Amino acid sequence: MSDLTHRKSLSGAFASTLKPPPPPHPSTHGTCHHPTPFQTYALSWSAHPSLHGPSIAVGSTTEAFDNKLRLLSTVEVNKEERGGAGVNLVVHGEIEVGYPLTKCMWQPVDGGLGSVEVLAGTSDALRLWEVCEAEPGNKKGGLKSKAVLYNKKIEHAAPLTSMDWCTLNPTNIITSSVDTTCTLWDLNTGQAKTQLIAHDKEVFDLQYVAESTDVFASVGADGSVRMFDLRALDHSTIIYESPSPTPTPLLRLSACTRDANLLATFHLDSPTIHILDIRSPGASAIDLTAHDSIVNCVQWAPGSRNVLASGGEDGQVLVWDLKTLGSAAAGEKERDSTRVLREPLLSWTGEGEVNNLGWSAAGEWVGVAWGKCVQGLKV
């Protein structure tokens with residue numbers, strides 16, 4: 001992420017609302033754009049750093065039982081034709097998934113599930129798909145169902161809200177549910193290894209902390225961030241609770257991929273992102289406050305302790321660098337024990353609300369789901 005040195009704007013489908021930018025550096029300027037016939041939500045960029053083959057998975061969100069999961073391949077093209085991006089997005093395949101996916105993820109590198117790439121997603125159950133190669137005479141590949149995992153002891157299982165794939169032990173996936181539980185799944189057996197009541201109300205998101213096969217954090221409608229250790233499930237640690245008398249739900253969570261102590265989250269209907277340090281529980285360590293409207297997504301950059309991206313209903317995609325916190329330009333101030341960062345490192349403004357985003361494996365692209373569109377932003 002060494003190229004992230006100041007705010008820039010990108011041309012193309014994203015039109016900057018900031019002051020005129022400096023001349024773009026060739027390696028930090030460009031977009032790729034893919035329109036879809038459906039509203040987009042779930043999005044994941046492949047963990048494999050190659051630009052060949054399917055790279056982006058995007059799910060639709062409609063009320064009908066005909067939602068789609070589409071694979072997009074990144075194809076290198078003439079940079080001058082793509083505004084400096086040098087990449088085009090083309091459809092690799094698509095499959096109907098019924099209910100809209102609340103999250104999808106590519107298997108980690110060395111996923112232990114064979115040589116075929118695998119995708120997982122959450123909706124009414126935990127579902128896995130295999131990526132199919134293109135058949136002779138057909139330029140497109142596709143997806144086929146590999147497994148559907150659900151708690152067979154329950155007649156009507158509650159919907160799943162999110163998932164995380166353990167990168168250090170890719171045979172394990174954890175899921176969260178509206179029934180207040182989190183479940184650990186063994187992909188080798190297709191069975192739940194353990195299930196725990198995690199929150200007092202619905203659990204909305206969860207993620208393993210950096211470099212761990214056992215410790216994960218979760219957020220939910222009770223307004224709390226909780227930490228769990230799968231080796232000792234008789235207790236949990238509350239890292240943060242909503243300060244209001246009536247708890248405001250926390251919607252999403254992102255764990256820093258470099259530092260197991262750092263988490264990012266945000267409240268329902270809030271423009272502020274909270275950076276939490278689990279070594280100092282009870283309060284936000286840093287608040288990120290540049291969004292003009294409700295935040296919808298946040299994700300830490302792969303391999304970085306300081307860089308993360310966020311998107312919101314103001315149409316903005318903001319890239320933050322926590323190292324700029326001490327600079328006057330960043331607008332730092334003290335508020336009780338919480339520091340405030342007001343100035344993002346990079347900013348783009350799109351044509352609609354940003355529903356979701358995801359980093360590429362190398363951290364040089366941010367994939368964005370907004371409206372009926374997938375946008376790739378070269379960082």
Side-chain angles (χ1 to χ4, degrees), residues 102-103 105 108 120-122 125-126 149-151 153-154 157-243 247-268 273-285 298-300 308:
T102 53
K103 188 172 182 178
M105 291 186 71
T122 47
L126 173 61
L149 309 184
Y150 59 93
N151 191 336
K153 297 179 181 179
I154 302 175
L160 302 180
T161 54
S162 189
M163 60 168 286
D164 194 34
W165 210 320
C166 184
T167 56
L168 298 183
N169 183 7
T171 60
N172 285 349
I173 287 179
I174 49 175
T175 59
S176 56
S177 174
V178 297
D179 67 1
T180 76
T181 67
C182 295
T183 305
L184 173 65
W185 299 92
D186 184 339
L187 300 186
N188 285 331
T189 65
Q191 302 294 321
K193 296 175 70 172
T194 188
Q195 187 175 71
L196 64 144
I197 297 175
H199 286 255
D200 299 329
K201 296 181 179 180
E202 298 96 325
V203 188
F204 290 142
D205 203 3
L206 78 176
Q207 192 170 352
Y208 285 100
V209 301
E211 301 298 320
S212 179
T213 59
D214 300 295
V215 180
F216 70 92
S218 62
V219 295
D222 59 8
S224 69
V225 179
R226 305 192 182 201
M227 298 280 293
F228 298 89
D229 190 326
L230 294 170
R231 298 163 296 187
L233 291 175
D234 54 336
H235 68 279
S236 64
T237 302
I238 297 178
I239 302 301
Y240 173 85
E241 288 185 289
S242 176
T248 304
L250 291 166
L251 292 187
R252 291 296 173 199
L253 175 78
S254 180
C256 178
T257 58
R258 191 71 176 269
D259 188 334
N261 296 306
L262 298 180
L263 305 169
T265 187
F266 56 88
H267 287 94
L268 173 69
I273 299 161
H274 304 294
I275 305 299
L276 310 179
D277 189 328
I278 67 173
R279 296 166 295 188
S280 302
S284 175
V298 63
Q299 189 176 112
W300 231 286
L308 61 161

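Values reported hereafter were calculated over all heavy atoms of this structure, with side chains retained and with hydrogens, waters and symmetry mates removed. This structure is a prediction, so every number in the text was calculated from the model and none was measured.
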Counting distance only, does the side-chain N/O of T194 pair as donor-acceptor with the main-chain N or O of L184 below 3.5 Å?
-> no

Ignoring hydrogens and geometry, is there a side-chain-to-backbone donor-acceptor pair from S176 to S162 under 3.5 Å?
-> yes

Passing option when C256 is tested against L262, D277, N261 for side chain to side chain contact (heavy atoms under 4.5 Å, CB included) | L262

Rounded to the nearest 0.5 Å, how far apart are CD of Q207 and OG1 of T257?
-> 9.0 Å

Can you tell me how far CZ of R231 sits from CG of D214, rounded to the nearest 0.5 angstrom?
-> 4.0 Å

Short side-chain to backbone donor-acceptor contact, S177 and P159, under 3.5 Å = yes

State whether the side chain of T180 and the backbone N or O of K201 hold a donor-acceptor pair below 3.5 Å, judged by distance alone.
-> no

Residue of the set L253, L251, L268 for which side chain to side chain contact (heavy atoms under 4.5 Å, CB included) holds with F204 | L251

Any donor-acceptor N/O pair, S254 side chain to A264 backbone, under 3.5 Å = no

Heavy atoms of other groups near L168 CG, more than 12 under 6.0 Å | yes

Donor-acceptor contact present, side-chain D179 to main-chain A158, <3.5 Å = no

Contact check, side chains of T122 and K103, non-hydrogen atoms, under 4.5 Å | yes

Find out whether Y208 and T167 are in side-chain contact, i.e. whether some heavy atom of one side chain is under 4.5 Å from a heavy atom of the other.
-> no

T102 side-chain N/O to T161 backbone N/O, donor-acceptor pair under 3.5 Å = yes

Parallel, tilted or perpendicular for H274 and Y240, by the 30°/60° rule?
-> tilted

Answer whether the closest heavy-atom distance between the side chains of C182 and T175 falls below 4.5 Å.
-> no

